[in-house]
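Each remark here refers to the structure printed beneath this line.
Remember, it's 1-based here, ligands and their atoms both numbered in the order they're listed.
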Amino acid sequence: MMKSSEIKKSFLSFFEKRGHKVLPSSSLVPDDPTLLLTTAGMVQFKPIFQGDIKPEFTRITTVQKCCRTTDIEKVGHTARHLTFFEMLGNFSFGDYYKKEMIPWAWEFLTKDLGLDPNHLWVSVFTDDDEAFKIWKDDVGVDPKRIVRLGEDSNFWSAGPVGPCGPCSEIHYDFGKERGCKNEDCTVGCDCDRFLEIWNLVFMQYYRSEDGKLTDLPAKNIDTGFGVERAASILQGVKTNFETDLIGPIIDKISALSGVNYGAAEKSDISLKIIADHIRAVTFLINDGVIPSNEGRGYVLRRLLRRAIRHGRLLGIDEGFAFEVASVVIDLMRQTYPDLKDNLDYVKRIMVSEEERFLSTLKQGLGILDNIISVERSKESAMISGDLAFQLYDTYGFPIELTREIAQENGFSVDDKLFKELMAGQRAKAKAARVDSAFESAGQVHLTALDSFGKTEFTGYNSASQETVVLGIIKDNDFIERAGEGDEVEIILKETPIYAEKGGQVADHGVIETETGRLLVNHAFYPAPDLIVHKARVLSGHIEEGQRATASIDISRRASICRNHTATHILHWALSNALGRHIKQAGSSVDEEKLRFDFTHFEAIPPSTLRKVEKMVNEKIMANLTVSFHETSLEAAKAAGVIALFGEKYGETVRVLEVGDFSRELCGGTHVSATSDIGLFKIAAESSIAANTRRVEATTALLALNEFYLEEDELKAAAAILRCGDFEVAKRTQALQEALKAAEKRAADLKRRLAGADIDGLISSTQSLRGVELIAQIVQADDIDGLRSFVDILKEKAAGALVVLGASKDDRAFLLAHVPLKLIEKGFDAGEIIKEISPLIGGGGGGRKEMAQAGGKNPGGLEAAIERAVQYVRKKDEGSS
Ligand code: SER
């Protein structure tokens, strides 16, 4: 039995011996904005086939990881379909062609792999007599086993537009007993008898958007050999799922679920789907894809959700995906060592997505069960479109699952209504998104484009432009002349004024003719290549056809440029600090700030933000050149320039380079050296959607201002705290501790007072001929404690003269309070204290209303209180 690792090794060495350079697999995320995923070995070589770049080697061989979802519904139901697979390939860029390739393929299969020629069949494109002849004469294949097939199966292209060509496929025949058993079953039949193992593409054409084929600069070879399929033949098993590449994954799922492979057809399908999908999910996450609701993030989400759902069908209700993924990683880490390095990362993303889905699932499945049983009781087998939509819209329950579950129950889903509701929702979302940047071309703008053609933007290098007023629009109509105060739209032949695009706001500026002056406060593209200025006539008037000078507000533009270049550096710094899964999800640049949205799964800790901020500032200080050049989209991609997925680019693109570390496609305006940015400061980091973060920042003087604001705040705090700037934290902490202690003491006192016998004190009031006197020794720790008693007595026994004493350890305290009424009668708390405090061996004083004393002789307390009584009595006698 040949191990899959041996199959890969012998393929690579077969071609290495024939002058091929062995290159590593490229990422599943292609460097190509027109492709969602890497679906074949040739993807990384597309620009070479198209002649956009010259290859370093003309013969290459690879093992390529691939992901395709076109056959997702067939996975698990057939022996051979997979969403993730490995493709062995050899490529010739204008080097060898059919005459070498066909005999080599035969040699490798029959000699190196030792396949029995009696099991091999081949197909060629309908009119490819050349290939037919080589198979028949050079290789010696029986013509009965060479089948001519049409465009459907024997003409290969990577997409509707791009390199393509006729192909010749090699199939393995398992024999009549393994198929549909129809008499006319032959190569091309959909059953499991014939297995396509190797596709030899004779890449010689380019298909353009209108479907026309033209010759590529050279004749090339692109072959794709399915590793899993070859392994199934060489290991004598019936399906890909029993090979050494996938079998151990199935075993793990069996162990987790307690369901054996082979026990039943239905559970086998689930086992196969989980094994395939978790393989794909593991590799997608490893290559930086993050679950989301669109693009490849959605492919990932869908695959993982399907796997989880099938897990539940096997009775696994808990999270299990990563346990399965661990087996995938073990099996594949030798070929793809980064799987091991990224293990923790893969685990984190997988587990959190799984948890999120399990809770959605629980809720949605309950609701769906209910719907199905209600419909059943009405003898209906249809899930209405609005219920399916509600499940999706309100509960996040995927429509594919609703469909699958419906099908399992013999139900169908009213797709028509569902789709209508979805379309309505999309339209609503779109309407909510409309802003000035996306004003669509009205009739007047289309007419303008027809009559005037494209507007030439000259503002990359100059701030002012001599030009001609081609059109003036007011209230959606062309006018010939606009006067002072008029708000109009102006179309110029050329303009240096940047129109809002690619996240960068429009310039402000001025348009002057010999008769008038206009202030431009916005510019936009109502249609590609047409720039419309929104302007107000400040003075005089303007006429169609006049010569004009358009100039930009230079200092505002300079601020925008700083923020824009800083955004590119920030992008680089974030990928550096957080990892290569960082992908731009949006950006916005104006004269005050920049905003950068990107895929990432968790909040960024302050220390990392500081690191990113520093990295950006280091690049600023390094005074690196910022330059741009124009090139073709293909060449830019081939050179590894970052492009935004889903963004439409023209044939010619601008590549912006900052130093030697950042290269992005960008049509915006930029500084010419990084030091022009001056300073960079991050203002905020936040989440804007699941797995999408936002960093906001400022540059130059506004960044400095941010620092000033913080410094001012610190200085204000220091002034209040009466300490130095760098002592604020320490001092605040000390104050906080003191406050806490005081609060605790106050609470203690309150508790104690509440328990103290206030009523007893009140009932001890002596009436000394018109003066109510409370003079007692109480339980208190200090003067504050005594004051708390007085505070309460002031309320409960208003009008009474109070003299209280207390002692703690070897200290004694006295407090006297005289109400206003008695002050008027000549009583004085200060005098009382002066009179009695010597008895406790201390002194004190205060005001007429309240006075206090502390002393070292607690033994004298009673005498002091007694003296107070006497004093009052005497005073009272004296005053009456
Ligand atoms: N590009 C062809 C395929 O994917 C051969 O590699 O089948």
Query raised in the report: Are the charged groups of Lys238 and Asp192 less than 4.0 angstrom apart, N to O?
Result: no
Query raised in the report: Should you measure from each heavy atom of Gly224, which atoms of ligand 1 turn up under 4.0 Å away?
Result: 5 (C), 6 (O)
**Report entry** Ion pair Arg18/Glu100, N-O distance below 4.0 Å
**Finding:** no
Query - Nearest candidate to atom 4 (O) of ligand 1, where distance is taken over non-hydrogen atoms, out of Met42, Glu169, Gln64, Arg68 - result: Arg68
Query raised in the report: Just distances here: any N/O of Thr39 and N/O of ligand 1 closer than 3.5 Å?
Result: no
Report summary line: For Val201, the atoms of ligand 1 under 4.0 Å from one of its heavy atoms are 2 (C), 5 (C)
**Report entry** For Asp222, the ligand 1 atoms whose distance to one of its heavy atoms is below 4.0 Å
**Finding:** 1 (N), 2 (C), 5 (C), 6 (O)
Query raised in the report: Does a salt bridge link Glu73 with Arg306, judged by any charged N lying under 4.0 Å from a carboxylate O?
Result: yes
Query raised in the report: So does Arg305 pair up with Glu400, basic N to acidic O under 4.0 Å?
Result: no
Query raised in the report: Identify the closest protein heavy atom to atom 7 (O) of ligand 1: which residue and atom is it, and at what distance?
Result: Asn199 ND2, 3.0 Å
Query raised in the report: Are Asp137 and Lys133 within salt-bridge range, i.e. N to O under 4.0 Å?
Result: yes
